[in-house]
Amino acid sequence: MPYKIIFFGTSEFSTPSLQALIDDPRFEVTAVVTKPDQPVGRHQFLTKPPVKILAEKFNIPVYQFQKIKTPDTYQTLSDLQQRHGIDAYVIVSYGKIIPQNILDLPKRGVINVHGSLLPKHRGASCVQAAIASGDRQTGVTVMLLDAEMDHGDILAQAETEISEAETGGQLHDRLAQMGGELLTRALVDYFENKITPQPQDHALATYCKMLTREDGKIDWNKSALEICNLIRAYNPWPGTWFEWQGKRLKILKAAPVDLSKNLQAPNIGQLLQDRNRLLVLCGDQKFIEILELQPEGKKPMSGQTYLAGHKI
RNA sequence: CGCGGGGUAGAGCAGAUGGCAGCUCGCCAGGCCCAUAACCUGGAGGCCGUGGGUUCAAGUCCCACCCCCGCAA
């Protein structure tokens with residue numbers, strides 16, 4: 001008899017975990033809960049969440065509750081519980097807070113996959129936070145959900161190195177994949193009582209907030225290293241940018257540079273040309289080279305290409 | 001019909017008041033040099049997004065359409 005699971009998830013981070021559960025004969029994904037379709041993109045087309053697309057492909061029933069904290073929602077999930085005897089909920093990047101009375105429904109509790117080594121980087125932007133903080137390694141955590149955010153007992157963790165040039169998007173995809181692999185193993189061990197859930201050391205907890213595009217505005221007073229890490233971390237979401245000559249310039253790729261010679265003292269945050277390189281002075285008096293950028297209304301281009309057509 | 005920017009040489013950009021298209025980089029050839037991503041000389045390369053219209057004459061004015069992108073979500 002496979003373990004019966006209801007999967008809660010929405011974003012691209014969720015899909016590898018859902019896929020792992022589907023592919024593993026030891027589990028049966030009885031239903032999938034995901035956020036309602038959202039208007040997306042320049043023309044606001046109504047778009048299905050990635051998790052919904054995957055679920056439909058395997059003919060798994062999909063539930064999209066407008067609100068979780070309603071008697072109707074509770075009733076629906078309660079019915080599913082009675083009808084199928086669900087063993088556990090698995091929640092991966094669902095995007096909504098689930099009330100306690102629902103969390104109490106499944107027989108063996110609620111399991112969560114988180115994209116960091118808890119207790120570090122609790123919260124919504126854990127992947128970006130790891131790179132932005134300059135961490136050299138991170139990982140994924142499979143844990144039991146409790147009332148507080150990313151606070152529950154740990155079932156399993158897997159670590160990985162963050163490479164020098166890795167972007168948030170690349171790391172996101174890797175962690176999502178790792179999460180799926182770790183999830184199925186940890187879940188079986190947990191069901192078979194082979195692991196003892198370990199409480200987190202809450203004194204070491206750090207938190208990261210939900211990111212918006214505003215968070216990607218570059219503060220040139222920070223150090224060159226901090227800024228480079230931020231650019232890497234926030235690529236592709238939420239992206240990093242600053243205002244230049246009344247236009248918005250997105251920075252897609254940058255690197256710290258060592259300059260032996262002294263350039264004419266520029267202001268912090270001002271673009272500067274050195275040969276065919278596009279430089280900016282940061283708060284610690286060090287330069288970064290902008291390798292790839294995207295002016296408002298234009299396609300992405302290299303710093304050198306930008307210089308070919310723009311006087312600085 | 002959410003707001004806005006843009007489609008001109010391979011790339012990035014200029015082209016007030018309409019008159020036979022220019023800049024930077026790249027590319028090709030040659031030169032200089034121990035050497036070079038540096039420098040010098042010369043050269044190739046453009047139905048100016050598409051279709052109409054106004055005009056003696058349109059990249060430049062008018063209309064329609066296609067495509068790309070930023071914001072917003």
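Residue numbers start from 1 in every chain, and the chains themselves are labelled A, B, ... in the order their sequence lines are given, proteins ahead of strands.
K311(A) places its NZ atom 13 Å from the P atom of C25(B), with the value rounded to the nearest Å. Atom C1' of nucleotide A73(B) and atom CZ of R213(A) are separated by 9 Å, given to the nearest angstrom. Taking atom CD on E292(A) and atom C1' on A11(B), their separation rounds to 14 Å, with Å as the unit. The nearest whole Å value for the distance from the NZ atom in K299(A) to the C1' atom in C13(B) is 16 Å. Rounded to whole Å, the distance from CH2 on W244(A) to P on G12(B) is 21 Å. Atom-to-atom, NZ of K247(A) to C1' of C13(B) comes out at 12 Å; the value is rounded to the nearest Å. Atom CZ of F242(A) is separated from atom C1' of C71(B) by 17 Å (rounded to the nearest Å). For the pair R277(A) CZ and G12(B) P, the interatomic distance rounds to 23 Å; values are reported in whole Å.
Side-chain polar atoms of Q304(A) and S302(A) form no donor-acceptor pair below 3.5 angstrom. Side-chain N/O atoms of Q128(A) and S125(A) include no donor and acceptor closer than 3.5 Å.
The same atom, C1', is picked in U41(B) and in C47(B); the two are 33 Å apart, to the nearest Å. Using P as the reference atom, A35(B) and C25(B) are 24 Å apart when rounded to the nearest Å. Spacing of C1' atoms, C71(B) relative to A29(B), comes out at 48 Å, to the nearest Å. Nucleotides G7(B) and U60(B), compared at atom C1', are 15 Å apart to the nearest Å. Between A9(B) and G15(B), the distance separating the two C1' atoms is 15 Å to the nearest Å. Nucleotides G43(B) and U24(B), compared at atom P, are 14 Å apart to the nearest Å. Nucleotides C23(B) and C40(B), compared at atom P, are 15 Å apart to the nearest Å. Look at the C1' atom in both C62(B) and U54(B): the space between them is 7 Å, to the nearest Å.
Regarding contacts with the backbone of G7(B), every side-chain N or O of K298(A) stays at 4.0 angstrom or more from both OP1 and OP2.
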**Prompt:** side-chain hydrogen bond (donor to acceptor under 3.5 Å, both in side chains) between R174(A) and T160(A): does it pass, once the steps are laid out?
**Reply:** CA-CA 9 Å; R174(A) 286 207 301 125; T160(A) 184; 2.9 Å; yes

**Asked** So Q64(A) and K52(A), side-chain hydrogen bond (donor to acceptor under 3.5 Å, both in side chains) or not? Walk me through it.
**Response** CA-CA 9 Å; Q64(A) 294 176 286; K52(A) 181 180 180 183; 2.9 Å; yes

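Taking the six-membered ring where the residue is Trp, F191(A) and F27(A) present tilted rings, their angle falling between 30° and 60°. Ring pair F242(A)/W244(A) is tilted by interplanar angle, where 30° to 60° counts as tilted.
Along RNA chain B, the nucleotide closest to M301(A) and the one closest to L307(A) are compared, and the more 5′ of them pairs with M301(A). Residues P295(A) and Y306(A) both approach RNA chain B. Their nearest nucleotides, taken by heavy-atom distance, put Y306(A) toward the 5′ side.
A cation-pi arrangement is present between R108(A) and Y190(A) under the rule of less than 6.0 angstrom and at most 45 degrees off the ring axis.
Looking at heavy-atom distances under 4.0 Å, Q294(A) makes contact with sugar-phosphate atoms alone, never a base.
You'll find that the side chain of K250(A) is closest to G70(B), out of G70(B), A11(B), C13(B). Side-chain atoms of T305(A) lie closest to G12(B) of the nucleotides A73(B), G12(B), C13(B). You'll find that the side chain of R248(A) is closest to C71(B), out of C71(B), C69(B), U24(B). You'll find that the side chain of P39(A) is closest to A73(B), out of A11(B), A73(B), G5(B).
Both distances falling under 3.5 Å, in either a Watson-Crick or a G-U wobble arrangement, occur for no nucleotide opposite A16(B). G4(B): Watson-Crick or G-U partner is C69(B), with both key distances under 3.5 Å. Across the strands present, A29(B) finds its partner in U41(B); the criterion is a Watson-Crick or G-U wobble pair with both atom distances under 3.5 angstrom.
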